[in-house]
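Here the structure comes first, spelled out in structure tokens, and everything after it is commentary.
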Amino acid sequence: MGSGVQEQRASLQGEVLPNIHPKTKDLQQTRSILNSIFSGALAGAVAKTAVAPLDRTKIIFQVSSDRFSGKEAYRLIYRTYLKNGFFSLWRGNSATMVRVIPYAAIQFCAHEQYTRMLGGYYGFQGKVLPPIPRFLAGAVAGFTAVMLTYPLDMVRARMAVTPKEM
């Protein structure tokens, strides 16, 4: 007699689905989007700052008539360090950050959203997407980020080639 009551309770508990309030679901989605934006921004900033001396060296070679080689790039970095100090290798990095942080944030967040959307469309919600939909999500996320941050890239390129006085 006691086991019948327990079976009835167990069957009721198994059928009861958690009632998630729509506002809670919206809040979770908003947190997920904000988390993606901040994660992408931080990842982009750290990555670009780590390679800033190499990026600066690349730009110097692009605007000069010197012929590029690995040996010459090393010499340029070393001479810059000796003449202007360690932190001079990161000169101009703040202008790069103005472009990179929004770009990386948008790309990372857009990729998460496109992956989720394509996962639902192809029936892979919560699972790893096959290669073609993953490629599509990455390509569309990159396109979205470039379209939204193109003016910042154009300003950075102009700043890199104009004289300091201008």
Side-chain angles (χ1 to χ4, degrees), residues 2-63 77 86-162:
S3 66
V5 172
Q6 287 175 344
E7 288 176 12
Q8 190 176 14
R9 283 185 185 163
S11 67
L12 286 175
Q13 288 174 351
E15 293 175 14
V16 176
L17 298 174
N19 187 9
I20 298 177
H21 196 271
K23 286 185 180 180
T24 305
K25 191 174 183 180
D26 289 344
L27 183 62
Q28 287 174 342
Q29 188 172 6
T30 302
R31 282 185 180 168
S32 174
I33 290 170
L34 288 175
N35 190 20
S36 293
I37 288 172
F38 288 127
S39 298
L42 182 63
V46 169
K48 206 60 166 166
T49 299
V51 298
L54 299 175
D55 195 39
R56 185 168 186 267
T57 303
K58 174 193 74 171
I59 291 172
I60 291 170
F61 273 104
Q62 286 175 340
V63 297
I77 291 171
F86 180 72
F87 291 111
S88 68
L89 298 173
W90 280 268
R91 193 167 77 208
N93 192 47
S94 58
T96 301
M97 290 296 110
V98 170
R99 179 188 66 88
V100 166
I101 289 174
Y103 175 83
I106 292 167
Q107 184 181 26
F108 194 81
C109 182
H111 184 266
E112 292 285 320
Q113 297 303 312
Y114 291 137
T115 301
R116 185 176 296 128
M117 184 174 63
L118 288 172
Y121 181 76
Y122 285 107
F124 287 94
Q125 197 67 33
K127 299 177 188 170
V128 176
L129 285 174
I132 298 298
R134 273 196 329 244
F135 172 78
L136 185 61
V140 176
F143 178 77
T144 302
V146 167
M147 292 304 295
L148 294 174
T149 61
Y150 177 76
L152 297 173
D153 193 40
M154 188 174 63
V155 167
R156 182 194 69 94
R158 286 185 180 175
M159 285 175 65
V161 296
T162 54

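With sequence neighbours left out, Ile101 forms a side-chain contact (heavy atoms from CB on, under 4.5 Å) with Ala41, Ala45, Met97. Residues that satisfy the side-chain contact (heavy atoms from CB on, under 4.5 Å) test with Phe108, not counting sequence neighbours, are Ser36, Ser39, Glu112. Listed by chain and number, the residues in a side-chain contact (heavy atoms from CB on, under 4.5 Å) with Leu42 are Val46 (sequence neighbours excluded). Take Ala52 and apply the side-chain contact (heavy atoms from CB on, under 4.5 Å) test, not counting sequence neighbours, and it matches Trp90, Asn93. Thr144 is linked by a side-chain hydrogen bond (donor to acceptor under 3.5 Å, both in side chains) to Tyr114, counting only residues two or more places apart in sequence or in another chain. Remark: Tyr103 engages no residue in a side-chain hydrogen bond (donor to acceptor under 3.5 Å, both in side chains) (not counting sequence neighbours).
Residue Leu152 holds its CG atom at 11.5 Å from OG1 of Thr96, rounded to the nearest 0.5 Å. Within the model, atoms CD of Gln113 and CG of Leu118 stand 11.5 Å from one another, a figure rounded to the nearest 0.5 Å.
For Ile33 against Cys109, the heavy-atom pair with the smallest separation is CG2-SG, 3.7 Å. When every heavy atom of Ala141 is checked against every heavy atom of Gln107, the shortest pair comes out as CB-O, 3.7 Å. Scanning all heavy atoms of the two residues, the minimum distance from Leu89 to Arg56 falls at O-CD, 3.7 Å.
Every pair passing salt bridge (charged side-chain N to carboxylate O under 4.0 Å, His left out) that includes a residue from residues 92-101 is listed here, sequence neighbours excluded: Arg99-Asp153. Residue pairs satisfying the ring pair (Phe, Tyr, Trp, His ring centres under 6.0 Å) criterion with at least one member in residues 25-63, sequence neighbours excluded, are listed as follows: Phe61-Phe68.
If you run side-chain contact (heavy atoms from CB on, under 4.5 Å) between Thr149 and each of Ile106, Val100, Val98, only Ile106 comes through.
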